[in-house]
A.B. asks: 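My questions all concern the structure below.
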Amino acid sequence: MGIEVVVEGLTKSFGKQNIWQDVSLTLPAGEVSVMLGPSGTGKTVFLKSIIGLLKPEQGRVLINGVDMVNSPERDIMETRKLFGLMFQDGALFGSMSLFDNIAFPLREHTRKKESEIRRIVMERIDIVGLLGAEGKLPGEISGGMRKRAGLARALVLDPQIILCDEPDSGLDPVRTAYLSQLLIDLNAQIDATMLIVTHNLDIAATVPDNMGMLFCRNLVTFGPREVLLTSDTPVVSQFLAGRREGPIGMSEEKDAATLAAEQQADTAPLPTGPRTVVPQLEPSPGMPVRQGALRRRERVMSMLGQLPEAARTAILDSYAPAAGGARA
Ligand SMILES: Nc1ncnc2c1ncn2[C@@H]1O[C@H](COP(=O)(O)OP(=O)(O)OP(=O)(O)O)[C@@H](O)[C@H]1O
Ligand SMILES: [Mg+2]
């Protein structure tokens, strides 16, 4: 079963440049979470901080009692074995076959026999739908296949926490839809805690249990998917609608003058009001029930009172039997 990841008061700078400050959130065990945010807001830096590859100046990241920021490096290395990582660019070795790429973490971090390695690698290759391509070099397959190979490699060490950095970048809409389903099926099969960084609004709307957004050096919000999907916070609604109008500009933040001018301009009012929350993806037929979804239901129902009205309504709708949203 997945493991909870607790982030407390995390602040990260490079020299004088503050990337984000005082970020606190909990990735619930075995649930799928998505982190949104304009380019350059530090999403990749956040993932790297969670696994302890980058060191924030303040705060803690607690996993099974180990603080990935401040614990001894030995404990951090040990805890890192719980992770599966899928990088933004696939990060495959160009001169190695897909098989060898996917086998790499096993050969590097375990003393398993080649026969055992072969069994595990072929199983993961099957999960991501790459059977038959294992002998190919990364340069000989499509970008979408490389993405899936990166995912297969992230899976070989039986991760309990999976971090995916823009798994959809460079994929066409159909492949992105398959990838979304794959992520949900994977979660159903291994019950790992998952954090996905993406710009893709379809993934954001259909895959995660929870969603957060980084903007302007802060975590704008993090919580059940319905909270973001119904939010009327300007940055959130602008991002989710993919609009130019709003606080997010080309260089992340618009300057005050531009914003004021925009607000003065006599343009048509922006669409506001309740947004519809599309149903979350269910595992494919034949897959196990998502344990994370069952736990989430309990968790979210117990926090209903603290949530905004629109989110509460959306949650109740999604769990109402008539909506076809009954999961248990
Ligand atoms: N090792 C580093 N040293 C110095 N600055 C860094 C380092 N890594 C990242 N940065 C800076 O941190 C900021 C956030 O980078 P990051 O890659 O996390 O953004 P991102 O949200 O992942 O963007 P994108 O959506 O384009 O991938 C950038 O300004 C980047 O230049
Ligand atoms: Mg990034």
Side-chain angles (χ1 to χ4, degrees), residues 5 7 9-25 27 32-59 61 68-70 73 76 80 83-92 143-144 146-147 150-151 153-154 161-173 176 179-180 183 194-205 207-208 210-222 228 233-244 246-255:
V5 177
V7 175
L10 221 53
T11 296
K12 175 70 192 156
S13 305
F14 290 108
K16 281 191 188 148
Q17 185 195 8
N18 173 242
I19 306 298
W20 26 250
Q21 54 192 358
D22 201 21
V23 174
S24 299
L25 58 82
L27 303 177
V32 184
S33 302
V34 154
M35 186 63 83
L36 300 169
S39 276
T41 42
K43 302 179 298 297
T44 299
V45 168
F46 185 66
L47 294 185
K48 288 182 177 169
S49 300
I50 289 182
I51 54 169
L53 286 177
L54 285 175
K55 298 290 173 192
E57 303 82 57
Q58 284 174 40
V61 176
M68 299 303 279
V69 181
N70 304 297
E73 202 55 30
I76 293 176
R80 209 173 279 155
F83 282 88
L85 288 177
M86 184 186 179
F87 294 99
Q88 203 159 351
D89 53 5
L92 301 172
R146 279 197 290 275
K147 287 278 173 190
L151 188 55
R153 188 174 59 183
I161 306 166
I162 299 179
L163 307 180
C164 298
D165 200 353
E166 297 192 28
D168 54 285
S169 63
L171 297 191
D172 66 54
T176 302
L179 178 82
S180 298
L183 291 169
M194 295 165 67
L195 178 59
I196 303 162
V197 163
T198 183
H199 292 289
N200 185 282
L201 300 178
D202 289 318
I203 294 185
V207 174
N210 310 292
M211 243 197 271
M213 183 171 170
L214 285 169
F215 181 65
C216 260
R217 296 172 294 286
N218 285 288
L219 180 69
V220 181
T221 156
F222 183 87
L228 254 93
T233 306
V235 286
V236 177
S237 53
Q238 181 193 357
F239 197 82
L240 290 177
R243 279 196 313 260
R244 270 181 302 142
I248 309 172
M250 194 57 197
S251 56
E252 191 190 344
E253 255 168 280
K254 285 182 187 166
D255 58 64

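Heavy atoms only: backbone and side chains are in, while hydrogens, waters and symmetry mates are out. Along the sequence shown, residues carry numbers from 1. Order of appearance sets the numbers: ligands from 1, and atoms from 1 within every ligand.
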A.B. asks: With a cutoff of 4.0 Å, is Gln17 in contact with ligand 1, counting heavy atoms of the residue only?
C.D. replies: yes

A.B. asks: Does Thr44 bring an N, O or S atom to under 2.8 Å of the Mg ion (ligand 2)?
C.D. replies: yes

A.B. asks: Counting heavy atoms only, which of Phe46, Phe14, Trp20 comes nearest to atom 10 (N) of ligand 1?
C.D. replies: Phe14

A.B. asks: Which atoms from ligand 1 have a heavy atom of His199 less than 4.0 Å away?
C.D. replies: 25 (O)

A.B. asks: Look only at interatomic distance and state if Leu54 has a nitrogen or oxygen under 3.5 Å from any nitrogen or oxygen of ligand 1.
C.D. replies: no

A.B. asks: Any non-hydrogen side-chain atom of Val207 less than 4.5 Å from a side-chain atom of Ile196?
C.D. replies: yes

A.B. asks: Give the ring-plane orientation class for His199 versus Phe239, where under 30° counts as parallel, over 60° as perpendicular and anything between as tilted.
C.D. replies: tilted

A.B. asks: Counting N and O atoms only, with roles assigned by atom type, does the side chain of Arg80 sit under 3.5 Å from a partner on the main chain of Gly52, one being a donor and the other an acceptor?
C.D. replies: yes

A.B. asks: Is the backbone N or O of Arg243 less than 3.5 Å from a side-chain atom of Gln238, with the two atoms forming a donor-acceptor pair by type?
C.D. replies: yes

A.B. asks: Donor-acceptor pair, Lys43 side chain versus Pro38 backbone, under 3.5 Å?
C.D. replies: yes

A.B. asks: Backbone or side chain, does any N or O of Gly42 fall under 3.5 Å from an N or O of ligand 1?
C.D. replies: yes

A.B. asks: Against heavy atoms of Glu166, which atoms of ligand 1 measure under 4.0 Å?
C.D. replies: 24 (P), 25 (O), 27 (O)

A.B. asks: When you look for heavy atoms under 4.0 Å from ligand 1, do you find them on the side chain of Ile19, its backbone, both, or neither?
C.D. replies: side chain

A.B. asks: Is a side-chain donor or acceptor of Asn18 paired with a backbone partner of Lys12 at a separation under 3.5 angstrom?
C.D. replies: yes

A.B. asks: Under the side-chain contact (heavy atoms from CB on, under 4.5 Å) test against Phe222, which residue among Leu214, Leu228, Leu27, Val34 passes?
C.D. replies: Leu27

A.B. asks: May I ask whether Gly37 places a heavy atom under 4.0 Å from ligand 1?
C.D. replies: no

